[in-house]
Trainee: 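Here it is: the structure, laid out below.
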Amino acid sequence: DVQLQASGGGLAQAGGSLRLSCVASGFNFDDWSIGWFRQAPGKEREGVSCISNSDGRTFYEDSVKGRFTISSDTNKNTVYLQMNSLEPDDTAVYYCAADPSTVSCIATMYYYGMDYWGKGTQVTVSS
């Protein structure tokens, strides 16, 4: 059974850092795409970052590029989202999601949609 467990959220001040983790189980982690999404109050859910474990390619939404870094540890079946220089607009519930497709994670995030979702972790950034 596919399981995705997100953790690492919390309260940070503007300019601070948090690291989110998504521990995956129940599938061939090395072949799948993993994405981070977030939903802020009053906003649509948006893609933040993704990684295609099949080829290692990554994607970052423009607002987080240069501040966030996604990485994948295939030995631990875990994807991380290192969030630096946090801003109040980063406040949201963050979700990790996975898809078995070997197409680019961008296509999976924005076109096909992710098939499997974990429970979110709250990130709150104060000014």
Side-chain angles (χ1 to χ4, degrees):
D1 188 34
V2 173
Q3 298 272 42
L4 299 165
Q5 298 291 335
S7 63
L11 177 64
Q13 294 186 344
S17 298
L18 290 170
R19 172 171 279 194
L20 306 184
S21 299
C22 178
V23 179
S25 62
F27 62 95
N28 292 324
F29 184 79
D30 295 354
D31 298 331
W32 287 38
S33 293
I34 309 294
W36 286 99
F37 297 76
R38 67 186 181 186
Q39 187 165 25
K43 295 184 178 181
E44 299 289 334
R45 185 176 63 198
E46 64 174 346
V48 177
S49 181
C50 66
I51 183 166
S52 299
N53 282 338
S54 60
D55 59 17
R57 295 179 179 178
T58 59
F59 164 81
Y60 300 93
E61 195 270 333
D62 286 345
S63 68
V64 308
K65 193 171 185 178
R67 300 188 298 119
F68 292 9
T69 303
I70 191 169
S71 61
S72 181
D73 186 339
T74 56
N75 291 325
K76 297 181 179 180
N77 284 4
T78 301
V79 169
Y80 303 95
L81 186 68
Q82 178 67 46
M83 305 186 295
N84 297 328
S85 301
L86 284 164
E87 303 170 355
D89 284 349
D90 295 320
T91 296
V93 178
Y94 284 71
Y95 302 87
C96 65
D99 192 89
S101 176
T102 56
V103 302
S104 72
C105 71
I106 301 171
T108 304
M109 177 175 288
Y110 291 106
Y111 179 74
Y112 291 106
M114 297 288 190
D115 285 345
Y116 300 96
W117 292 79
K119 296 179 180 179
T121 183
Q122 176 72 50
V123 171
T124 302
V125 183
S126 62
S127 60

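Everything quoted here is computed from the prediction, not taken from an experiment.
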Trainee: Between S104 (side chain only) and A107 (backbone N and O only), is there a donor and an acceptor less than 3.5 Å apart?
Mentor: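 Checking the backbone N and O of A107 against the side chain of S104, a donor-acceptor pair under 3.5 Å is found.
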Trainee: Would you check, one step at a time, whether the test side-chain hydrogen bond (donor to acceptor under 3.5 Å, both in side chains) holds for D31 with S54?
Mentor: CA-CA 5 Å; D31 298 331; S54 60; over 6 Å; no
Trainee: Could you give all pairs that pass the salt bridge (charged side-chain N to carboxylate O under 4.0 Å, His left out) test and reach residues 62-85, with sequence neighbours left out?
Mentor: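 Every pair satisfying salt bridge (charged side-chain N to carboxylate O under 4.0 Å, His left out) with a residue in residues 62-85: R67-E87, R67-D90.
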Trainee: Ignoring hydrogens, what is the shortest heavy-atom contact between S17 and N84? Give both atom names and the distance.
Mentor: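 Heavy-atom minimum between the residues: OG-OD1, 2.8 Å.
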Trainee: Do any N or O atoms from the side chain of S49 and from the backbone of F59 form a donor-acceptor pair under 3.5 angstrom?
Mentor: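 Flag set: sc S49 to bb F59 pair under 3.5 Å.
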Trainee: Roughly how far, to the nearest 0.5 Å, is the CD1 atom of I34 from the OH atom of Y116?
Mentor: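 Reported to 0.5 Å precision, the distance equals 11.5 Å.
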Trainee: Distance under 6.0 Å and angle within 45° of the ring axis: does R45 meet both against W117?
Mentor: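 So R45 does make the cation-pi contact.
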Trainee: For residues L18 and L86, determine if any side-chain heavy atom of one lies less than 4.5 Å from a side-chain heavy atom of the other.
Mentor: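 Yes, side chains in contact.
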Trainee: Just by modelled atom types, is the T124 backbone N or O under 3.5 Å from a matching donor or acceptor in the T91 side chain?
Mentor: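 Side chain of T91 to backbone of T124, a donor-acceptor pair under 3.5 Å: no, none is there.
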Trainee: Got more than 12 heavy atoms from elsewhere within 6.0 Å of CD, E46?
Mentor: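 Result for CD/E46: enclosed.
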Trainee: Return the CD1 to CE distance between I51 and M109, rounded to the nearest 0.5 Å.
Mentor: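 Interatomic distance, I51 CD1 to M109 CE, rounded to 0.5 Å: 11.5 Å.
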Trainee: So Y94 and F68, would you call those rings parallel, tilted or perpendicular, with 30° and 60° as cut-offs?
Mentor: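 Tilted.
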Trainee: Give a yes or no on whether the backbone of A6 and the side-chain of Y95 come within a donor-acceptor separation of less than 3.5 Å.
Mentor: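 Not at all, since once roles are kept as given, no pair shorter than 3.5 Å links the two residues.
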Trainee: For Y110 and G47, work out which heavy atoms get closest and say how close.
Mentor: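 In terms of heavy atoms, the two residues are closest at OH-O, 3.6 Å.
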Trainee: Under the ring pair (Phe, Tyr, Trp, His ring centres under 6.0 Å) test, which residues partner Y80, sequence neighbours left out?
Mentor: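 Partners of Y80 under the ring pair (Phe, Tyr, Trp, His ring centres under 6.0 Å) test: none.
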Trainee: With sequence neighbours excluded, what pairs up with D99 under the side chain to side chain contact (heavy atoms under 4.5 Å, CB included) test?
Mentor: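 Only S101, T108, M114, D115 meet the side chain to side chain contact (heavy atoms under 4.5 Å, CB included) criterion with D99.
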Trainee: What's the separation between atom OG1 in T69 and atom CZ in R19, rounded to the nearest 0.5 Å?
Mentor: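 CZ of R19 is found 8.5 Å from OG1 of T69.
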